[in-house]
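Here the structure is laid out as C-alpha cells; the discussion comes afterwards.
Each ligand, and each atom within it, is numbered from 1 in the order the structure gives. Owing to the predicted nature of the structure, the values given are computational and were not obtained by experimental measurement.
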Amino acid sequence: MAPINREKSIKHFERARKSIPGGVNSPARAFGAVGGSPLIVDRGEGAYLYDIDGNQLIDYIGSWGPHILGHQYPAVQEALEKIIQKGTSFGAPTELETLLAEEVKNAIPSIDLVRMVNSGTEATMSAIRLARGFTGRDLIVKFAGCYHGHVDSLLVQAGSGALTLGTPSSPGIPKGCTADTIVLEYNDAELVKELFANKGDQIACVILEPVVGNMGCVPPEPGFLKAVQIECQQAGALLIFDEVMTGFRVAYGGAQELYGIRPDLTTLGKILGGGMPVGAYGGRKDVMETISPVGPVYQAGTLSGNPVAMACGLATLKTLKETNPYPALEEKAKKLVEGLSTASENAGIVHQIARVGSMFTLFFNENRVTNYTVSSKNNTERFARYFQGMLDRGCYLPCSQFEANFVSVAHSDADIEKTIQAAEEVMKEI
Ligand code: KE4
C-alpha cells in the first residue's frame, strides 16, 4: 500500500528546526524513538487529526491524554466561544475557578481543597514542595518509569540496585536537587516496606502514577497501592497520587475511585483542562491550608485559573459527568486491544497488552510488563516499524513504546475496525 504523503510536513519541520530546538515544543513529539519527521498537524476533528499534507489520521494520542471527548467536542467549543467574548485573563479571581474547583471536589472526594496551576509539572512540583513543607521532612520517594513532569527533583533515573538515591537524568540538575529523591521499583511492595523500616521518619512523601502511563501502561499489582498507603500512614508521610493522566480517564474519579484508595494529595492535568493548559493539586484540608496565602509554603502563577482554560475544563468535566462514557469506552478499548492482540498472534509476534479503561499499551516484550526493569527490555526497533506501518495506514499512535494510547468518545466502530485491519497488515511485515 502507498505510504501517506509527508512532503509538506517534512518541509515545514526543517523550517521549524531553525527557530525551535529540535523543531518541537516538547521532545515527546519529535519522533525521536521512531525516526523520520513528525507530522505537522493542521486541525483536529472528533477522532481525527488532519496534517498539512491533507492526511486524515485516527488519533490515539489525543494530545497525550486530554481529548477523551475527541477534538472540537461541541459543548467544549461552545463554552470556549462564549468565554472568549469576556476577555482572556484578569489576574483576579473569577467564578469559573470556583466552579471547576467544586467539580473536582465532587469527582474526587479525597480532595477538600484544590489549587489550579498551568501544567502537570507545576502540579507535581507544588505538591512535592507542599509535602516537604507540611511534614518538615526532605526525603521523597518515586518509582522508576513513573514520569511526573520535568521537575528537577523528580527527573531522576534509578541507579542499579533496589534502593537508590537518585542521580539526575538530565544535565543542568545539581546533585543537591536529587540527593533526597529515592527511586524504587514499581509494584515492589517489599522494597517500600524495607525503605520505610530504615528511613520512614525522614520521608515527606511518596509520589506515584496509580496506573503508570509513562513506561507504557502498567497497572498496579493487587495490593501494591494499599501497601504503599499503609507505610505512608504509619510513618506520617504523605501519599501523592499523580493522576495527571489517569484523572477523569480511567474513571470520572480517577484511579483512586477504581482502586478505592484515598491519597493525601492528588495531582491533575490533561483532561482537567480539556485541551487547554491546566494542572491542579489538591487533597486534605489540613495539608492544603499549608499553601500560601493561608500557610507558609509558597506557590503562585500568573495564568493559574485562567478563565478560558477553566471554561474548557468545566465543559469537559460536566460532559463526562452527564454522559458517563466510561462503560462504552471500556467496551471500545477492549475490542481494539483484542483485535491488536489477535493481529500480533496471527503474525507470530511476541507481545503483551496492558489496558485500564481507555488507556493501553501494546508492548513488544516477552514478559508481562510490571515495572521499568521489564519495560526497558521492550523491542523498541520493532515498535518503530509498527508505528511507521500504522501511520502509513492512517493510524496515529504515540511515537514511543513507553507511552499509553488513548481511545476517545469520538472513535467509531469503523475507526476501531480500520485500526485492527491496519495492524493485521503491519504485524506481518515488522
Ligand atoms: P505536563 O507538565 O506535561 O502538563 O504534565 C507532566 C506529567 C505529569 N504526570 C504525568 C503522569 C504525566 O503523564 C505527565 C505528562 N505526560 C507526558 C506524556 N506521557 C506529556 C507529553 C509531553 O511531555 O509532551
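- In terms of N/O distances under 3.5 Å, ligand 1 is approached by Asp242.
- When only interatomic distances are considered, the shortest N/O to N/O separation between His148 and ligand 1 does not fall below 3.5 Å.
- Distance check on atom 16 (N) of ligand 1: some protein heavy atom falls below the 4.0 Å cut-off.
- Those atoms of ligand 1 that come under 4.0 Å of a heavy atom in Ala28, given as number and element, are 22 (C), 24 (O).
- Summarising the contacts of atom 20 (C) of ligand 1 with Met245, Glu122, Lys270, the nearest heavy atom is found in Lys270.
- For atom 22 (C) of ligand 1, the candidate residues are Gly149, Pro27, Ser26, Pro210; the nearest heavy-atom contact is made by Ser26.
- Looking only at atom types and distance, the side chain of Asn214 has a donor-acceptor partner in the side chain of Glu209 under 3.5 Å away.
- Less than 4.0 angstrom separates some heavy atom of Tyr147 from each of these atoms of ligand 1: 9 (N), 10 (C), 11 (C), 12 (C), 14 (C), 15 (C).
- The existence of a salt bridge linking Glu289 and Arg284 is excluded, since no basic side-chain nitrogen approaches an acidic carboxylate oxygen closer than 4.0 Å.
- For a threshold of 3.5 Å applied to N or O pairs, the pair formed by Asn214 and ligand 1 contains at least one separation below that value.
- Using bins of under 30°, 30° to 60° and over 60° for the plane-to-plane angle, the ring pair Phe143/Phe224 lands in the perpendicular bin.
- Between the side chains of Ser37 and Arg6, no donor-acceptor pair of N or O atoms lies under 3.5 Å.
- Ion pairing between Lys335 and Glu330 fails under the 4.0 Å rule for side-chain N and carboxylate O.
- Judged by distance alone, the side chains of Asn187 and Asn371 never bring a donor and an acceptor atom under 3.5 Å apart.
- In this structure, Arg29 falls outside the shell of residues with a heavy atom less than 4.0 angstrom from ligand 1.
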